[in-house]
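Numbers for residues simply follow the sequence, beginning at 1.
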Amino acid sequence: MWDLWGFTIITAAIYLLNGANSVVVPTTNCYVLDNSSHIFDFSTWIGQAFEHDGKDTDTVIRFCKDVESRSQAGYVDFGRFDQFNYFAAGSGRYNFVQEFYNGDLTKCEQSFDKRGRTAQVNIICGDCPNGQCKGGLGCICDVASASTCSLVIELAIPCEKQGLRVFEGFTVGLHPRSWEIVYNGMTQLGFEKAHDEFSFKTEQTHVALYMTAVSSLSSLVQVPMTKISPEKGLELKLSGSAMTGNLATTLSPSVLLMDWRCEKARDEPYEVEITIPIDNYEPIQFTLTKMCDYRQAEGGNAAKGWAVFGVLACIFIVISTLFCCGGFVYKTRVQNQRGIDALPGMTLLSACLETVSGASHGYTRAEEPNNPFPSQASWERPPASTQATSRTSGKYGSI
């Protein structure tokens, strides 16, 4: 454990001295990761046109947009670069590959999944094999028809500068199967810096972050570090399996528990910058914000109070159970009482019920004209002399 914390302290010092650079997802889907997991952002290339003159038809590529075949008969669409990221690393002499789907469906109705005409653009960073590109932003080296409904195109361009190395497969989310904060090793928009609309409310004092990684690379993930801005006014305590060095995998995420409490109210949200060092990769870094509309009291005393109350309640229940059992045994064995009368406290309970209901006086029924018995208590037995008098005296004298 000491070795882990020692390594974390050294890593933190290095990041503070050199400055941590994290990978933020680009604002467009026109980017790609090469075979070494470095990012290349081609967002400024979107819509850049490349033309190739053919015998009967010309081919035009609009980078990260679409591919068209143009002739005297008109334009034929060979696919569009849609919201899904069909931009991947290549192999052999091709650095990258772009795929375009959902082109013109005419005479291609039987295409796979009815995607219509498609095109695959194999990108070479540099010049064409025959050196036909003459400066500029590149050119189309070759166009081949794989079928009536498919084109394969070679495109040579001066590729963008290699970016940071991305720790692919790593995610951070607010749920074990979500990745709102970090996806595929890249910080998502909204968490790359402080945003008021993404802030947590004052009353939310506990936040759980779930982290997953590819199993074969999970050992590269180090203990998270935090930086609060401003430094005073927000109390932050970290715990969970992520702080003990447990490996984060897709089947068993590691959890970072954040307990934060507002010690000082503030109009602007507090910023908590979380950095997760990764061996041989750029660190994962994102920012969470918390609003503090009012000062929050210490939560530990309340928790201790409830804990004491729970212990006392358990002790009371145990003592009450022992008292009831002991009293029941005493009354059944010594006082020879049976049934419900043997329960402790039943005598007192019966007396209370009789007092509340007024059982000592009973109640008097209204006299009926033909009732030979005058008013008597409903449950009291009249004296023998009274009964005899009632039987011998009546309307016509005594018998």
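Relative to the six-membered ring of F78, R117 meets both conditions, a distance below 6.0 Å and an angle of at most 45° to the axis. Cation-pi geometry between R165 and F167 is not met at under 6.0 angstrom from the ring centre and within 45 degrees of the axis.
Checked by atom type and distance alone, the side chain of K65 never pairs as donor or acceptor with a backbone atom of Q48 at under 3.5 Å. Side chain of Q110 to backbone of C108: no donor-acceptor contact under 3.5 angstrom is found. In this structure, the side chain of D58 engages the main chain of G54 through a donor-acceptor pair within 3.5 Å. Q188 places a side-chain N or O within 3.5 Å of a backbone atom of M186 that can act as its donor or acceptor partner. The backbone N or O of A213 lies less than 3.5 Å from no partner atom in the side chain of S218, so there is not a single donor-acceptor pair. In this structure, the side chain of D66 does not engage the main chain of G79 through any donor-acceptor pair within 3.5 Å. W260 contributes a side-chain N or O that, together with a main-chain N or O of Q204, makes up a donor-acceptor pair within less than 3.5 Å. With hydrogens and angles disregarded, no donor-acceptor distance shorter than 3.5 Å links the side chain of S145 to the backbone of T148. Of the possible donor and acceptor atoms, one in the side chain of R80 sits under 3.5 Å from a partner among the backbone N and O of N102. The backbone N or O of S241 sits less than 3.5 Å from a side-chain atom of T244, completing a donor-acceptor pair.
In this structure, C125 SG and D34 CG are separated by 9.0 Å, a value rounded to the nearest 0.5 Å. For the atom pair CD1 of I153 and CD of Q98, the computed distance is 10.0 Å after rounding to the nearest 0.5 Å. The CD atom of E282 sits 11.5 Å away from the OG atom of S37 when rounded to the nearest 0.5 Å. Here the straight-line distance linking atom CG of L256 with atom OG of S239 works out to 7.5 Å at 0.5 Å rounding. Note that CD of E168 and CD1 of I39 are 10.0 Å apart. Values are rounded to the nearest 0.5 Å. Atom CG in L234 sits 5.0 Å away from atom CD1 in I228 (nearest 0.5 Å).
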Show your working on side-chain contact (heavy atoms from CB on, under 4.5 Å) between L288 and M258 and close with a plain yes or no.
CA-CA 11 Å; L288 301 181; M258 299 177 57; 3.8 Å; yes
Test side-chain hydrogen bond (donor to acceptor under 3.5 Å, both in side chains) on T171 and T212; report intermediate values, then the result.
CA-CA 5 Å; T171 66; T212 64; 2.3 Å; yes
Take V221 and L247 through the side-chain contact (heavy atoms from CB on, under 4.5 Å) test and state the conclusion after the steps.
CA-CA 8 Å; V221 182; L247 300 182; over 6 Å; no
Under the disulfide (SG to SG under 2.5 Å) rule, what do C262 and C292 come out as? Steps first, then yes or no, please.
CA-CA 6 Å; C262 297; C292 284; 2.0 Å; yes
Test log, rule side-chain contact (heavy atoms from CB on, under 4.5 Å), inputs T205 and D259
CA-CA 6 Å; T205 57; D259 296 333; over 6 Å; no
Residues V97, I123; criterion side-chain contact (heavy atoms from CB on, under 4.5 Å); working and verdict:
CA-CA 6 Å; V97 176; I123 300 175; over 6 Å; no
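Using a 4.0 Å cut-off between charged nitrogen and carboxylate oxygen, R93 and E154 count as a salt-bridge pair. Using a 4.0 Å cut-off between charged nitrogen and carboxylate oxygen, E109 and K107 do not count as a salt-bridge pair. Ionic pairing of E68 and R70 is present here: one or more N-O contacts between side-chain nitrogen and carboxylate oxygen are shorter than 4.0 angstrom.
Counting heavy atoms from C-beta outward, M243 and S254 have side chains that stay 4.5 Å or more apart. Residues F170 and I276 are in side-chain contact: their nearest non-hydrogen atoms beyond the backbone lie under 4.5 Å apart. With contacts defined as side-chain heavy-atom distances shorter than 4.5 Å, the pair Q285/E273 qualifies. Considering only heavy atoms from C-beta on, L151 comes within 4.5 Å of V143 through its side chain. Residues S150 and T118 are in side-chain contact: their nearest non-hydrogen atoms beyond the backbone lie under 4.5 Å apart. The shortest distance between side-chain heavy atoms of M225 and I274 does not fall below 4.5 Å. Annotation: side chain of N122 is in contact with side chain of V152 (closest heavy-atom distance under 4.5 Å). No side-chain heavy atom of T289 sits less than 4.5 Å from a side-chain heavy atom of F200.
What you find for E180 and G173 is that their closest heavy atoms are OE1-CA, 3.3 Å. Smallest separation of non-hydrogen atoms from A297 and R261: O-CD, 3.1 Å. Taking both residues in full, the closest heavy atoms of F191 and I181 are given as CD1-CA, 3.9 Å, listed atom of the first, atom of the second, then distance. The shortest non-hydrogen separation linking A89 to N35 is CB-OD1, 3.3 Å. The two residues T321 and I317 come nearest to each other via the heavy atoms OG1-O, 2.8 Å. For P277 against P283, the heavy-atom pair with the smallest separation is CA-CB, 4.3 Å.
Checked against a 6.0 Å centroid threshold, the rings of F40 and F96 count as neighbours.
Taken together, the cysteine pair C128 and C139 keeps its SG atoms at least 2.5 Å away from each other.
Below 30°, between 30° and 60°, or above 60°: for F198 and H195 the angle between ring planes is above 60°, a perpendicular geometry. Between W45 and F50, the angle of the ring planes stays under 30°, which puts this pair in the parallel group of the 30/60° scheme. Using bins of under 30°, 30° to 60° and over 60° for the plane-to-plane angle, the ring pair F42/F63 lands in the tilted bin.
Two different hydrophobic clusters hold I124 and I140 under the rule that ILVMFWY side chains link at heavy-atom gaps under 4.5 Å. M211 and L174 fall within the same hydrophobic cluster, defined by Ile, Leu, Val, Met, Phe, Trp and Tyr side-chain heavy atoms under 4.5 Å apart, directly or through other members. L164 is connected to L189 through a chain of hydrophobic side-chain contacts under 4.5 Å among Ile, Leu, Val, Met, Phe, Trp and Tyr, so both are in one cluster. Residues Y210 and W179 are members of separate hydrophobic clusters, defined by side-chain heavy-atom contacts under 4.5 angstrom among Ile, Leu, Val, Met, Phe, Trp and Tyr. In the hydrophobic clustering of ILVMFWY residues, with side-chain heavy atoms under 4.5 Å counting as a link, V60 and L155 come out apart.
Looking only at atom types and distance, the side chain of Y101 has a donor-acceptor partner in the side chain of E99 under 3.5 Å away. Counted by atom type alone, T59 and S69 present zero donor-acceptor pairs between their side chains at under 3.5 Å. At a cut-off of 3.5 Å, with distance as the only test, a side-chain donor of T28 or S43 sits close to an acceptor on the other residue.
Within a 6.0 Å sphere centred on CG of N130, heavy atoms belonging to other residues, nucleotides or ligands number more than 12. The number of heavy-atom neighbours closer than 6.0 Å to OH of Y294, taken from other residues, nucleotides and ligands shown, is above 12. Heavy-atom neighbours of Q72 CD from other residues, nucleotides or ligands within 6.0 Å: at or below the threshold of 12.
V182 pairs with exactly one of T187, L209, V23 by the side-chain contact (heavy atoms from CB on, under 4.5 Å) rule, that one being T187.
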